[in-house]
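Just below is one structure, and these are the notes that go with it.
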Amino acid sequence: MSEESLFTRIINRDLPADILYEDDQCIVINDISPQAPVHMLVIPRLPIVKLADAKHSDRALMGHLMWVAGEVARMAGVSEAFRLVVNNGEGAGQTVFHLHLHILANKGSKATFSEDNL
Ligand code: AMP
């Protein structure tokens, strides 16, 4: 059995997903089971298990994920109103143990970005 997380398999294209954005540090996908009209996940390529496991040396990556969240919210037309959620640990509802930021917004449509605005 593979020890790779679900999200690492998506990053490696071993599993399908709607990949909306990617760069050298992270990817953004549509959540497969959206809890809002816009529900995207910002996922670092580095498989940090949960937020509280981030190291001092991961500070720049943490900041980058926040910046990307704002960028993709703008691309999805929801930059005026969205929530950013991180579930840390099973007791908080985390089900995929590879750090990810949920972007949730009630307005806008399911994000589809053209090559022009990436
Ligand atoms: P969490 O409960 O915070 O760990 O969030 C995990 C999220 O991953 C949930 O919102 C799931 O719907 C989502 N998810 C699980 N599998 C997939 C998948 N294959 N593609 C996209 N999102 C997924």
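We count ligands from 1, going down the list as the structure has it; atoms in each ligand are counted the same way.
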Under a heavy-atom criterion of less than 4.0 Å, does [X] contact ligand 1?
X   : value
Q35 : no
L41 : yes
F7  : yes
G93 : yes
N30 : yes

Tell me which protein heavy atom sits closest to [atom], plus the residue, atom name and distance to 0.1 Å.
atom                    : result
atom 21 (C) of ligand 1 : I32 N, 3.3 Å
atom 1 (P) of ligand 1  : H100 NE2, 3.1 Å
atom 4 (O) of ligand 1  : T95 N, 2.7 Å
atom 10 (O) of ligand 1 : D31 OD2, 2.5 Å

Need the ligand 1 atom indices (1-based, order shown) with element for anything under 4.0 Å from a heavy-atom of [X].
X    : answer
N87  : 1 (P), 2 (O), 3 (O)
H102 : 1 (P), 3 (O), 5 (O), 7 (C), 10 (O)
I29  : 21 (C)
S33  : 12 (O)

- Item | Side-chain donor/acceptor of H39 to backbone N/O of P37, under 3.5 Å |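 Between the backbone of P37 and the side chain of H39 there is no qualifying donor-acceptor contact (under 3.5 Å).
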- Query: Under 3.5 Å, is there a donor-acceptor pair between the side chain of N88 and the main chain of A52?
  - Reply: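 Yes.
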- Message: Quick one, M62 with L51, criterion side-chain contact (heavy atoms from CB on, under 4.5 Å). Give me CA distance, side-chain angles, the key distance, then yes/no.
- Response: CA-CA 9 Å; M62 296 297 111; L51 181 66; 4.0 Å; yes
Is the closest side-chain heavy-atom distance between [X] and [Y] below 4.5 Å?
X    : Y   : result
I103 : L84 : yes
H102 : D31 : yes
P44  : L99 : yes

- Message: I'd like to know if E22 and R13 make a salt bridge, using a cut-off of under 4.0 Å between side-chain N and carboxylate O.
- Response: yes
- Message: For the 3.5 Å polar cut-off, considering only N or O atoms, please tell me whether L6 and ligand 1 meet it.
- Response: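 N/O-N/O distance below 3.5 Å does not exist for this pair.
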- Item | Within-cut-off N or O pair, V96 and ligand 1, under 3.5 Å |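 Yes, there is a polar N/O contact under 3.5 Å.
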- Will you find, in the side chains of D23 and H64, an N or O donor that is under 3.5 Å from an N or O acceptor?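 There is such a pair (donor and acceptor under 3.5 Å, judged by atom type) between the side chains of D23 and H64.
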- Item | Spacing of CE belonging to M75 relative to OH belonging to Y21, to within rounding of 0.5 Å | 6.5 Å
- Task: Could you please spell out the steps behind the side-chain contact (heavy atoms from CB on, under 4.5 Å) verdict for C26 and I43?
- Result: CA-CA 5 Å; C26 68; I43 306 165; 5.9 Å; no
